[in-house]
**Student:** 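Handing you a structure now.
Just the heavy atoms: all of them, side chains too, but no hydrogens, waters or symmetry mates, feed the values below. Note that ligands are numbered from 1 as they come in the structure, with each ligand's atoms numbered from 1 the same way.
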Amino acid sequence: MTTTPLDFAMRARALDEADPLRGYPSRFLGSDDPEIVAYLDGNSLGRPTRATAERLTAFVAEAWGGRLIRGWDEQWFDLPVTIGDRIGAAVLGAAAGQTTIGDSTTVLLYKLARGALALRPGRTEIVLDRDNFPTDRYLLEAIAGELDLTLRWIEPEFTGGVTAQDVADVVCERTALVVLSHVAYRSGYLLDAAAISAVTHDAGAMLLLDLCHSAGAVEIELDSWAVDFAVGCTYKYLNGGPGAPAFGYVRAEHLADFTQPIWGWMGRESPFEMAQGYVPATGIRRIISGTPAIIGMLPIQDTLDLIEEVGMAAVRSKSVALTEFALELARSSLVPLGVRVSSPTDPARRGGHVTIDHPRFKEITARLWQRGVIPDFRPPQGIRIGLSPLSTTFAEVLAGVSAIRDELTTD
Ligand SMILES: *Cc1c(COP(=O)(O)O)cnc(C)c1O
């Protein structure tokens with residue numbers, strides 16, 4: 001028996017009706033915009049929540065416009081760590097005092113990697129992989145040049161990612177730091193962080209995880225996995241808005257000895273004393289450099305409100321159901337047209353997006369955008385179907401895959 005388009009339409013409707021998070025897509029702005037048929041790129045830029053639109057307007061009028069410079073004393077000074085602690089508790093499995101927000105992921109990665117390397121003097125190697133996001137690779141190339149260190153590259157499978165065995169094969173007594181993405185930005189592979197952390201520590205090295213593609217999509221337990229350092233974007237699944245500041249995590253046991261290379265006044269103990277000489281602030285504030293982007297960190301709080309309401313376990317279940325449905329549709333209607341699935345088939349090893357490949361996908365992505373179906377293209381020939389769990393419906397998944405099929409069958 002073959003599955004007809006009508007069967008799939010009924011399935012999508014049934015899945016949306018049974019979805020425990022079905023009330024959440026409408027809490028995002030634009031969810032009722034008829035021009036947007038399917039937004040499948042919430043893993044690159046999450047939609048704004050309706051609450052954020054109100055929060056930003058109120059902030060300008062009341063907090064910035066009304067409290068003026070007094071706002072720093074009342075709330076803004078603590079906001080990076082207050083929000084950091086909320087991200088830690090709701091999303092990262094991190095106890096208070098280890099997370100803050102500020103800078104971009106790129107800058108925070110640099111600061112944390114340099115700080116980490118300073119804790120392993122005499123060790124000369126950094127482990128990384130060829131499929132990591134460009135910024136991660138470039139930064140580590142730069143750091144290796146600055147400090148005269150050697151990069152040990154892992155070459156993961158195209159449709160997979162870095163395994164604990166891959167890491168075990170390259171770490172040794174020379175390894176200072178292992179830097180990996182928890183979910184691979186291209187294939188969507190979700191690595192086994194607990195196992196990789198253990199293998200890394202067995203060699204006496206430390207682990208820095210990039211959580212850009214996992215924070216807000218998969219469950220994370222930084223404290224119990226014994227991850228040493230982590231960074232991640234807030235404008236992807238956390239819907240913080242374009243260029244929203246990143247979060248950084250430093251495990252409590254490292255904080256007392258940790259120093260990062262960008263010594264700014266806001267990361268100093270008692271910054272308003274304007275004293276001579278840099279003394280790092282106590283605790284996680286020491287990873288801050290200059291004045292944090294307060295406006296940029298406001299919207300994250302609205303997504304945290306939603307995640308705190310439902311919990312990450314429910315978010316992850318929705319995410320798995322969305323990617324499973326996307327894969328089922330892709331197998332039945334795209335694979336027969338020569339499309340290749342380039343994401344893991346095992347949901348336990350898959351993050352919140354699905355990548356499919358075809359030689360025509362670059363040109364087809366541009367046409368999809370014109371018709372309001374918005375995934376993204378990643379070289380060499382991949383369409384990434386990003387399924388932000390709180391804002392995406394099963395109907396959108398179906399509309400997206402059907403549009404891709406349409407484009408593939410017209411020339
Ligand atoms: C999106 C992403 C980044 C982006 O870094 P920015 O400094 O925000 O541009 C970095 N690493 C990974 C793995 C990403 O997915």
Side-chain angles (χ1 to χ4, degrees), residues 40-47 80 84 87 91-92 100-114 116 126-143 153-154 156 160-162 177-191 193 196 207-218 220 222 227 229-249 260 262 287-290 292-293 296-297 299-300 303 319 342-343 350-355 375-379 382-388:
L40 305 175
D41 210 8
N43 59 325
S44 273
L45 178 67
R47 283 179 180 276
I87 296 177
V91 179
L92 306 180
T100 185
I101 41 183
D103 305 313
S104 62
T105 296
T106 301
V107 171
L108 264 186
L109 256 173
Y110 179 80
K111 288 159 71 170
L112 294 198
R114 285 289 306 260
I126 302 172
V127 169
L128 71 171
D129 76 287
R130 288 283 174 201
D131 278 352
N132 208 339
F133 193 80
T135 227
D136 305 56
R137 290 180 275 119
Y138 303 158
L139 270 180
L140 294 170
E141 285 168 351
I143 290 174
W153 293 93
I154 293 170
V162 178
L177 184 65
V178 175
V179 182
L180 299 168
S181 279
H182 188 209
V183 169
Y185 84 97
R186 193 181 185 290
S187 71
Y189 183 85
L190 169 62
L191 56 71
I196 287 177
L207 176 62
L208 195 175
L209 273 191
D210 183 329
L211 304 174
C212 282
H213 267 85
S214 58
V218 306
I220 299 169
L222 292 180
V227 171
F229 308 96
V231 295
C233 291
T234 59
Y235 54 80
K236 293 175 178 169
Y237 295 107
L238 298 178
N239 313 303
F247 62 82
Y249 164 95
Q260 50 84 12
I262 309 200
I287 76 171
I288 296 174
S289 295
M297 63 185 70
I300 306 162
T303 296
S319 170
S342 302
S343 290
R350 189 173 66 233
H353 68 275
V354 164
T355 299
D376 64 20
F377 175 79
R378 286 293 176 265
I383 280 182
R384 283 193 317 178
I385 303 176
L387 300 166
S388 193

**Student:** Scan Val107, Thr106, Thr105 and name whichever one has a side-chain contact (heavy atoms from CB on, under 4.5 Å) with Leu109.
**Tutor:** Thr105
**Student:** Go through the structure and list residues passing side-chain hydrogen bond (donor to acceptor under 3.5 Å, both in side chains) with Tyr110, not counting sequence neighbours.
**Tutor:** Arg114, Glu146
**Student:** Using a strict cut-off of less than 4.0 Å between a Lys/Arg side-chain nitrogen and an Asp/Glu carboxylate oxygen, indicate whether Asp131 and Arg186 qualify as a salt bridge.
**Tutor:** no
**Student:** Are Ile300 and Tyr235 packed together at the side-chain level, in the sense that at least one heavy-atom pair is separated by less than 4.5 angstrom?
**Tutor:** no
**Student:** Looking at Ser343, is its backbone amide N or carbonyl O close enough to the side chain of Arg350 to form a donor-acceptor pair, meaning the two atoms are under 3.5 Å apart?
**Tutor:** no
**Student:** Kindly print each ligand 1 N/O atom paired with any protein N/O atom under 3.5 angstrom away, one pair per line, or none if nothing qualifies.
**Tutor:**
from     : atom 1 : to     : atom 2 : distance (Å)
ligand 1 : 7 (O)  : Thr105 : N      : 3.4
ligand 1 : 7 (O)  : Thr106 : N      : 2.8
ligand 1 : 7 (O)  : Thr106 : OG1    : 2.5
ligand 1 : 8 (O)  : Tyr235 : OH     : 2.6
ligand 1 : 11 (N) : Asp136 : OD1    : 3.1
ligand 1 : 11 (N) : Asp210 : OD2    : 2.8
ligand 1 : 15 (O) : His213 : ND1    : 2.8
ligand 1 : 15 (O) : Lys236 : NZ     : 2.6

**Student:** Is it true that the NZ or CZ of Lys236 lies under 6.0 Å from the centre of Phe133's six-membered ring and within 45 degrees of the ring axis?
**Tutor:** yes
